[in-house]
Undergrad: 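Before I ask anything, here is the structure I am working with.
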Protein chains: 2
Amino acid sequence: MNQANGKTEEFVGSPLSLTVDVVIFSLRPRDPLQQPEEPGGEVLQELHVLLIQRARPPFMNCWALPGGRVRPDESLEQSAARQLAEKTGLRAAYLEQLYTFGRPERDSRGRTVSVVYYALVRSDKQELLAGPGTTDVRWFPADRLPGPLAFDHAEIFGYALFRLRNKIKYANIAFQFLPPTFTLSQLRAVYEAITDRKEDPGNFKRKVEASGAIIKTEARVEGGRHRPPSLYRAIVQNDLLNRGPAS
Amino acid sequence: MNQANGKTEEFVGSPLSLTVDVVIFSLRPRDPLQQPEEPGGEVLQELHVLLIQRARPPFMNCWALPGGRVRPDESLEQSAARQLAEKTGLRAAYLEQLYTFGRPERDSRGRTVSVVYYALVRSDKQELLAGPGTTDVRWFPADRLPGPLAFDHAEIFGYALFRLRNKIKYANIAFQFLPPTFTLSQLRAVYEAITDRKEDPGNFKRKVEASGAIIKTEARVEGGRHRPPSLYRAIVQNDLLNRGPAS
DNA sequence: GGAATAGTGTCTGTTAGACACTATCTA
DNA sequence: TAGATAGTGTCTAACAGACACTATTCC
């Protein structure tokens, strides 16, 4: 990095805007208006993404990923967490840098480079708060996004989805969508919703127990209609495979 | 991205510097002064990284990753390729975005966010040209870097090495270190140099042929001391697994 | 008991790796 | 022919997935 170009090396800022955008994933029940619940009565979970509706041009009224300018005193990850909180009122269970997008023409107002993070959010009933500059905040099923997204956000979303689907195969992140303790059925439902493939319950149990990522607790789920399942808890881990560098 | 904060949304740049740094990897013969050639006489290949020596403070005389300011009209990848050419005179066979580093204190002169790429360079005898602002450009073995690197470049390098070692296991990038046609011995030597593990020649041949990443040509290597090996050629591919998003 | 889910046992096809063996070149 | 590398055959242990089976709960 860093010498300007051969002359003196004094520091000056650039005529360039640095933003952070966040692709926010969550598992939510399938919209009952779109399709009624299963006969069995259990709730089908579906992968959703949070979008905000822009109140101003460019792309007025279009849906977009939440994001905003990086402040001088905050790290990129802090900025992502702040965008999340300010624009949506949510808190992320997991936050990881995805990619940095910087085509010169991606924002018509001027050169804008965007560091994109993706966030996994627990499916509890957290309330959505529309921040300033937006007319609406809403969850959309990942396979049915509304009309053209603003800027290059469709491309960004596509890449985030690709990476999430890929990563869930080898990294232990699925539990980030769930409450602190969960059943294997719930965890399996997360996999199935994201990969869109059925897993064999028995094989899934062995695989995930052998991975050492989760541990069985003493507790069980009471009051169900059937044999009560054990509750599991995730083993905390922050290895490189799961996130980026230590920084 | 994009609305400033609720008021008008006119575009202004930030008091922030955006740079691109490049971790340049190559396979080069082990320094014969450090250790003489193998009795057999063939050249041991070793993973090297290119560093430049800074001519000015901060970190004057320290070694650093080559890099520099992103220009308003170039994409991030173009910028990385340009840094490579200007600071070192090299051309990359492969270039991929690694991670974006942005801790507020990482450059004492002011807020500097750096998008880091890593490059794989063929081991031909390309000449090194020290660019402006640097007193020296040199290859270093990846496991013997010179004294503390400038800024957070040691951390960046560590992460790049981790990612390269990891990626070579599942993505077909090893041939990027080699000339257009190569023998399986050469390709195997690349793997062994990067992962620091011996591979069984027979198993390696089957594995890499089954992957479909390379194809045997009619040509063979003549003039060696032993049975002449076939030459192979890489199948061109630009899938998502190998690089980032299409952009 | 019936229905439903939790959880176990077991078989099979695929794969990574170890390792012995054959093939082909130069000196 | 000796020596070295190219390349093949084959065995084994590990693993993923299919699937049948047992266990436990509520109704």
Side-chain angles (χ1 to χ4, degrees), chain A residues 37-45 166 168-172 174-175 178 181-193 195-233, chain B residues 37-45 165-166 168-172 174 178 181-193 195-233:
Chain A
E37 289 186 13
E38 287 284 290
E42 99 275 25
V43 191
L44 270 185
Q45 297 284 90
N166 212 45
I168 205 168
K169 289 185 215 155
Y170 64 87
N172 301 308
F175 66 86
L178 297 172
T181 63
F182 48 85
T183 68
L184 288 183
S185 286
Q186 290 179 299
L187 190 63
R188 184 159 43 85
V190 173
Y191 274 88
E192 293 181 344
T195 63
D196 215 16
R197 280 190 53 195
K198 284 288 177 193
E199 290 275 336
D200 177 89
N203 294 337
F204 182 81
K205 178 180 202 290
R206 270 185 294 251
K207 190 171 59 178
V208 80
E209 278 184 332
S211 81
I214 61 171
I215 193 168
K216 194 191 289 201
T217 68
E218 293 304 309
R220 293 170 148 253
V221 173
E222 306 291 342
R225 281 194 308 253
H226 314 298
R227 175 176 176 174
S230 291
L231 280 172
Y232 285 75
R233 181 184 303 282
Chain B
E37 288 186 15
E38 287 284 290
E42 100 276 25
V43 190
L44 270 186
Q45 296 285 91
R165 288 197 164 130
N166 212 45
I168 205 169
K169 289 184 214 156
Y170 64 87
N172 301 307
L178 296 172
T181 62
F182 47 84
T183 68
L184 289 183
S185 286
Q186 290 179 299
L187 190 64
R188 184 158 44 84
V190 173
Y191 274 88
E192 293 180 344
T195 62
D196 215 16
R197 280 190 52 195
K198 284 287 177 195
E199 291 275 336
D200 178 271
N203 294 337
F204 183 80
K205 177 179 202 289
R206 269 185 296 251
K207 189 169 60 178
V208 80
E209 277 184 334
S211 81
I214 63 172
I215 193 168
K216 193 191 288 199
T217 69
E218 293 303 311
R220 293 170 149 253
V221 174
E222 306 291 342
R225 281 195 306 255
H226 315 296
R227 175 177 177 174
S230 292
L231 281 172
Y232 285 75
R233 181 183 303 282

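Atoms considered below: every heavy atom in the structure, side chains included; atoms not considered: hydrogens, waters and symmetry mates. Letters A, B, ... are given to chains in the order of the sequence lines, protein chains preceding strands, and every chain is numbered from 1.
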Undergrad: May I have the distance from A:Arg188 (atom CZ) to C:dG7 (atom P), rounded to whole angstrom?
TA: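 For the pair A:Arg188 CZ and C:dG7 P, the rounded distance is 10 Å.
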
Undergrad: Rounded off to whole Å, could you give me the CZ-to-P distance for the B:Phe204 and D:dG9 pair?
TA: 19 Å

Undergrad: Kindly determine whether A:Asn172 and A:Ile214 satisfy side chain to side chain contact (heavy atoms under 4.5 Å, CB included), including the steps that lead there.
TA: CA-CA 9 Å; A:Asn172 301 308; A:Ile214 61 171; over 6 Å; no

Undergrad: So what does B:Thr183 touch, heavy atoms closer than 4.0 Å: a base, only the sugar-phosphate, or nothing?
TA: nothing

Undergrad: In whole angstrom, give the distance that lies between atom CZ of B:Phe182 and atom C1' of D:dT5.
TA: 18 Å

Undergrad: Side chain to side chain contact (heavy atoms under 4.5 Å, CB included) for A:Lys216 and A:Arg233? Distances and angles first, verdict last.
TA: CA-CA 6 Å; A:Lys216 194 191 289 201; A:Arg233 181 184 303 282; over 6 Å; no

Undergrad: Does a side-chain N or O from B:Ser230 land closer than 4.0 Å to OP1 or OP2 of D:dA6, or not?
TA: no

Undergrad: Would you call A:Arg197 and A:Glu192 a salt bridge, taking side-chain N to carboxylate O under 4.0 Å as the test?
TA: no

Undergrad: Using whole Å, report how far CD of A:Glu199 lies from P of D:dA16.
TA: 11 Å

Undergrad: Side-chain donor-acceptor pair under 3.5 Å between A:Gln186 and A:Tyr232, yes or no?
TA: no

Undergrad: In this structure, how many angstroms lie between the P atom of D:dG17 and the NZ atom of A:Lys169, rounded?
TA: 11 Å

Undergrad: Quick one: A:Glu209 CD to C:dG9 P, roughly how many Å, whole number?
TA: 12 Å

Undergrad: Does A:Ser185 make a side-chain N or O approach to OP1 or OP2 of C:dT5 shorter than 4.0 Å?
TA: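 Answer is no, no contact under 4.0 Å.
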
Undergrad: With a 3.5 Å distance limit and no angle check, can you tell me whether B:Arg220 reaches the backbone of B:Pro228 through a side-chain donor-acceptor pair?
TA: yes

Undergrad: Looking at every heavy atom in both B:Ile168 and B:Val190, which two are closest together, and how far apart are they?
TA: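 Closest approach of B:Ile168 to B:Val190: CD1-CG1, 4.4 Å.
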
Undergrad: Taking only the side-chain nitrogens and oxygens of B:Lys205, find out if one of them lies under 4.0 Å from OP1 or OP2 of D:dT8.
TA: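 B:Lys205 to D:dT8 OP1/OP2: side-chain N or O found under 4.0 Å.
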
Undergrad: When every nucleotide of nucleotides 18-27 of chain D is labelled 5' to 3' by its protein contacts under 4.0 Å (heavy atoms), B for base, S for sugar-phosphate only, - for none, what sequence of letters results?
TA: BB---BBBS-

